[in-house]
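Report on the following structure.
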Amino acid sequence: MISIDQVSKHKGRARILHEVSFEARPGRVTGFLGPNGAGKTSTLRVLLGLDRPRSGTALIDGRPYAAWNRPLTVAGALLDGSGAHRARTARAHLRWVAASNGLPRTRVEEVLDLVGLTADAGKRAGKFSLGMSRRLGLATALLGDPPVLVLDEPVNGLDPAGIRWMRTFLRDSADQGRTVLLSSHLMGELAEIADDVVIIDRGRVVARGTLDEVTGGHPTLEDAFLALTAAGQPW
Amino acid sequence: MNAVRAEIGKLVTLPSLWITASLTLAVTLLLRVLGLPGSVLLHTQAGLLVFGVLATAHEYQGGGQIRTTLLATPRRLALAAAKTVALTLVALPVAGAAAVLAGEVPATPRVTLSMLVAAGVGGIVRQAVAAVGIVLTAYLIVVPLLAARVPASARWLPDTAWPAAFVWAVAMVAAWATVLRHRDANT
């Protein structure tokens with residue numbers, strides 16, 4: 001369960017998040033949708049304790065992410081890039097991350113197998129293709145077998161087979177009772193997978209609800225999105 | 001404890017650190033064998049300072065590892081403490097080996113502390129090249145110059161007396177921990 005309540009954040013003088021509030025519930029895929037620069041990544045970074053909000057709270061199962069002991073067992077995050085130093089091998093990367101949260105080394109081999117990187121585990125992360133980097137990032141997120149998954153543009157850089165795989169994986173994760181929150185600017189992709197949708201534009205939540213509620217009287221989610229956000233304004 | 005183990009794992013699996021350490025030890029031995037007058041460590045300490053900088057600044061190099069680090073250990077002061085303990089445990093044998101090869105064993109604590117100062121600068125500056133520039137300028141130019149021109153300053157310089165070296169290390173690590181605690185995790 002993710003609860004974001006009245007989160008505001010400034011960068012310099014500019015207000016990049018304005019009282020952002022929404023929830024993501026267990027057993028459902030929540031799509032966090034918005035044009036580039038709308039505040040999706042900033043919101044996720046506040047949720048994960050990477051950035052500080054000026055005001056408001058962002059909780060995972062009732063506590064801030066940073067307040068959990070062994071946080072990787074509470075939430076897994078996939079952000080931009082692999083999150084691994086380019087000179088380190090995938091296996092060495094996963095091993096230090098596992099050690100940081102007291103997870104067994106056997107778990108490293110399990111997640112490598114899960115994302116299909118076992119054969120490449122001895123390669124340096126810097127040698128990985130974009131798709132392999134995403135899979136290494138996902139393996140890192142899954143190390144602690146967390147009940148909550150937070151993913152920023154998870155299908156970026158994936159080939160069609162990778163996109164299909166990711167979609168199935170996230171659907172299965174939600175069906176197993178996990179809370180899945182993913183951001184995207186790709187409406188079509190999100191409409192295929194999301195149960196609930198939150199739309200953010202210029203730092204404000206402009207719509208939230210089930211996919212049907214948000215799509216409302218519009219023919220598609222894309223039409224709803226363009227009607228609700230500045231992305232729909234002709235330039 | 002978990003965080004310390006993770007940080008040690010990071011340091012020992014980072015190729016650039018072991019290349020730096022190996023080269024430093026090799027050059028130290030070479031200079032000793034050549035029988036240069038004066039302290040060998042005075043020159044090869046540069047390699048140890050680079051080692052200290054990389055130990056923290058590598059987090060910010062390509063790949064965005066710092067995010068993974070902060071997600072794994074989100075309590076920033078605990079993270080800084082774990083990094084300091086891990087670096088001390090890894091730096092001590094490297095500094096000790098360099099001191100032994102240079103024939104200057106008593107310099108081991110002072111040189112180890114200078115590596116912690118370098119790590120503090122690396123963590124604050126976050127750009128390895130810039131941090132190396134600052135640290136090398138400070139230790140190889142500013143400190144010797146001040147010590148020579150203003151002898152009274154010697155006991156306060158980070159690289160001349162070891163009580164001062166200790167104070168500088170504590171101050172730089174504390175400054176870095178404070179910065180780490182308060183800023184957003186850029187990159």
Side-chain angles (χ1 to χ4, degrees), chain A residues 9-11 42 44-53 60 64-103 105 124-126 128 133 136-137 140-141 143-144 146 150 152, chain B residues 1-21 51 54-83 85-87 89-90 122 126 128 178-187:
Chain A
K9 177 160 181 69
H10 290 63
K11 252 187 197 145
S42 296
L44 299 185
R45 289 174 65 94
V46 167
L47 173 64
L48 295 165
L50 293 173
D51 292 355
R52 279 157 201 278
I60 295 179
Y65 177 82
W68 287 99
N69 283 320
R70 305 175 71 220
L72 299 183
T73 64
V74 177
L78 176 64
L79 301 173
D80 185 35
S82 66
H85 190 277
R86 61 184 175 229
R88 221 188 293 284
T89 66
R91 185 175 276 117
H93 170 72
L94 290 168
R95 281 185 175 174
W96 79 250
V97 180
S100 72
N101 276 239
L103 302 165
R105 277 194 171 192
R124 293 187 181 185
F128 277 13
S133 292
L136 177 56
T140 312
L143 267 176
V150 178
D152 194 13
Chain B
M1 263 325 287
N2 285 337
V4 173
R5 279 180 50 219
E7 292 300 325
I8 291 175
K10 267 188 214 174
L11 295 176
V12 301
T13 59
L14 191 68
S16 56
L17 277 189
W18 297 106
I19 294 167
T20 306
F51 190 106
L54 287 177
T56 46
H58 89 273
E59 291 274 10
Y60 301 90
Q61 291 174 339
Q65 183 186 272
I66 185 64
R67 280 195 321 251
T68 309
T69 297
L70 291 172
L71 289 173
T73 312
R75 290 177 184 139
R76 309 275 176 103
L77 291 183
L79 175 64
K83 280 183 170 294
V85 171
L87 176 60
L89 292 175
V90 174
R126 293 180 285 183
T178 307
V179 171
L180 181 68
R181 183 175 177 203
H182 289 287
R183 77 181 158 204
D184 286 348
N186 295 326
T187 67

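A note on names: the letters A, B, ... follow the listed sequences, proteins ahead of strands, and every chain is numbered from 1. Keep in mind that the numbers below use all heavy atoms, side chains included, and drop hydrogens, waters and symmetry copies.
For the pair R5(B) (side chain) and S100(A) (backbone), a donor-acceptor distance under 3.5 Å is absent. The backbone N or O of Q61(B) lies less than 3.5 Å from no partner atom in the side chain of R86(A), so there is not a single donor-acceptor pair.
Per-residue heavy-atom pair counts under 4.5 Å with chain A were compared for A3(B), P15(B), A82(B), S16(B), and the maximum is reached by P15(B). Among P71(A), G49(A), G81(A), S82(A), the residue with the largest count of heavy-atom pairs under 4.5 Å with chain B is P71(A). With respect to chain B, the highest number of heavy-atom pairs below 4.5 Å among A99(A), A141(A), A98(A), G83(A) belongs to G83(A).
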**OP:** Output, in order, the C-alpha distance, side-chain angles, deciding distance and verdict of side chain to side chain contact (heavy atoms under 4.5 Å, CB included) for T13(B) and R95(A).
**Re:** CA-CA 10 Å; T13(B) 59; R95(A) 281 185 175 174; over 6 Å; no

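The minimum heavy-atom distance between W96(A) and A72(B), with the atom names listed, is CZ3-CB, 4.4 Å. Scanning both residues, R88(A) and L14(B), for their nearest heavy atoms gives NH1-N, 3.8 Å. Summarising the geometry of D184(B) relative to R52(A), their closest heavy-atom pair is OD1-N, 3.1 Å, with the distance given to 0.1 Å.
Contacts between R70(A) and chain B at a heavy-atom distance below 4.5 Å are absent for every atom of the residue. Contact of T140(A) with chain B is made through the side chain alone, with heavy-atom distances under 4.5 Å. Heavy atoms closer than 4.5 Å to chain A are found in both the backbone and the side chain of T69(B). Of the two parts of A84(A), only the backbone, made up of N, CA, C and O, holds a non-hydrogen atom closer than 4.5 Å to a non-hydrogen atom of chain B.
Within a 6.0 Å sphere centred on CZ of R75(B), other residues, nucleotides and ligands contribute more than 12 heavy atoms.
Annotation: the span from L72(A) atom CG to L71(B) atom CG amounts to 7.0 Å, rounded to 0.5 Å.
For the pair R67(B) and D152(A), the salt-bridge criterion is not met [side-chain N within less than 4.0 Å of a carboxylate O].
Using a 4.5 Å cut-off on side-chain heavy atoms (C-beta onward), V97(A) and Q65(B) make no contact.
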